[in-house]
Each structure stands twice: as C-alpha cells, then as structure tokens.
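Worksheet: the structure to be examined is printed underneath.
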Amino acid sequence: MTNLGPLGWVTDRERGYRYQEAHPVTARPWPAIPQVLLDLWAELADPQRPPDACLVNLYRDGARMGLHQDRDEVDHTAPVLSVSLGDTAIFRIGPAEGGPTSTVRLASGDVCALAGEARLARHGIDRVLTGSSRLIPGGGRINLTLRRSR
Ligand code: MD6
Ligand code: FE
C-alpha cells in the first residue's frame, strides 16, 4: 500500500486511519498524481474539483479486502474513482444500509466510480483471479483509488 498526491491514506496502531501529507516511515511527501489519472478524474468525476489523494493497493497471493464504506473523506458529494490493473478481481457491492450484495468483475483497465446514491455503498474484494493478467511484474493486481479527502 502507498499513495500519490498531496494527501495519503495511512494507518497505524496508535492513531488509526487518517489522511496525511507525508509517508509515515520516510517522512517524505507522496509522489504527484500522474496527469493521466487527473485527466480521467476530470472526465468521469468532477472537472471543477480535482482529487487530492490516490491510494495505491497491491494485491498479491490471496489478498482480499473486506466489505467497507469509503467514509473518511470530508465531503461525500465528491465521487471515489478507481482504476484496476493486472489480475481480474471479484468486486462485491451492496447498499449502504446493509442487505443483499452482488458481484461484478473488475478486469485490468476497468474504472469503477462510487458516486451519487452509490457513494457510500458497502463494497470489497472477494478474491483476485491469480494469473488472469500478465501486466504486473511478479503477478497480482493494483488498484488506484482517487478521491477528495478534504
Ligand atoms: C479494490 N476498491 O478495487 C478496492 N472504493 O481493490 C475500493 O475499495 C473502491 O474500487 C471506492 C471506489 C472504488 C473502489
Ligand atoms: Fe473502497
């Protein structure tokens, strides 16, 4: 896990989940969000309000992500936009209030936006289909999640 942009999402035992300007170990700022991702955000999310955070998650050997809501951002009117790269993932999604969920495959190059009514949907990654792509050196999947945290 790492980040791009002015703010990065980090966690530790002492202080829990938060957005911060610097890498918790190196104390250095995160690298800039590449222009291609800013352009994608402008096209699909909100050209007036750029993202300030891009979380980078690498899934290797059997990694999953439990059902969660993205609610650590100040303003839930801004979408959260993700780009999937590498192996295909089984993405599970259901209503914010809980209840029935369904799954959709996120393949390499797919973009997923949680916006409007779906902004606070519960979602997670059931599993990643190992070997379904050869994109990532060493195998696996990368998900880039763009958002406005503040
Ligand atoms: C993942 N994605 O695809 C996890 N959140 O690895 C997310 O948690 C996510 O894809 C908000 C919006 C889009 C997402
Ligand atoms: Fe999420």
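Note that the coordinates shown come from a computational prediction; the quantities given were computed from them, not determined experimentally. When a ligand or atom number is given, it counts from 1 through the structure's own listing order.
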Asn143 heavy atoms within 4.0 Å reach ligand 1 at atoms 1 (C), 2 (N), 3 (O), 4 (C), 6 (O)

Paired with Val56, the side-chain contact (heavy atoms from CB on, under 4.5 Å) test is passed by just one of Ile142, Asn143, Asn3, Thr145, namely Ile142

Is Asp70 salt-bridged to Arg147, going by a charged N under 4.0 Å from an acidic O?
yes

Hey, which atoms in ligand 1 end up nearer than 4.0 Å to a heavy atom of Tyr59?
1 (C), 4 (C), 6 (O)

Strictly below 4.0 Å, N to O, side chains only: are Arg148 and Asp52 in salt-bridge contact?
no

Ignoring hydrogens and angles, state whether a donor on the side chain of Thr88 or Arg105 is under 3.5 Å from an acceptor on the partner side chain.
no

Below 4.0 angstrom, N of the basic side chain to O of the carboxylate: do Arg18 and Asp12 qualify?
yes

Which pair of heavy atoms, one from Leu85 and one from Ile136, lies closest together, and at what distance?
O-CD1, 4.1 Å

Who pairs with Arg119 by salt bridge (Lys or Arg N to Asp or Glu O under 4.0 Å), at least two apart in sequence or on another chain?
Glu73

Give me the other members of the hydrophobic cluster that Trp30 sits in, counting Ile, Leu, Val, Met, Phe, Trp and Tyr linked by side-chain heavy atoms under 4.5 Å, directly or via other members.
Val10

Which ligand 1 atoms are under 4.0 Å away from a heavy-atom of Phe91?
10 (O)

Heavy-atom contact check, 4.0 Å cutoff: does Arg141 meet ligand 1?
yes

Note: with side-chain heavy atoms under 4.5 Å as the link, the other cluster members for Val128 come out as Tyr59, Met65, Phe91, Ile93, Val104, Leu106, Leu114, Ile125

Contact summary for Pro79 and Ala115, nearest pair of heavy atoms:
CB-CB, 3.8 Å

Given a cut-off of 2.8 Å, the protein N, O or S atoms lying below it from the Fe ion (ligand 2) are His68 NE2, Asp70 OD1, His123 NE2

Under 4.0 Å from one or more heavy atoms of Leu114, ligand 1 contributes atoms 11 (C), 12 (C)

Suppose we measure from atom 9 (C) of ligand 1 to each protein heavy atom; which comes out shortest, and what is that distance?
His123 NE2, 3.4 Å

Which atoms of ligand 1 sit under 4.0 Å from any heavy atom of Ser82?
10 (O), 13 (C), 14 (C)

Ligand 1 contact by Asn57, heavy-atom criterion under 4.0 angstrom
no

For His68, the atoms of ligand 1 under 4.0 Å from one of its heavy atoms are 8 (O)

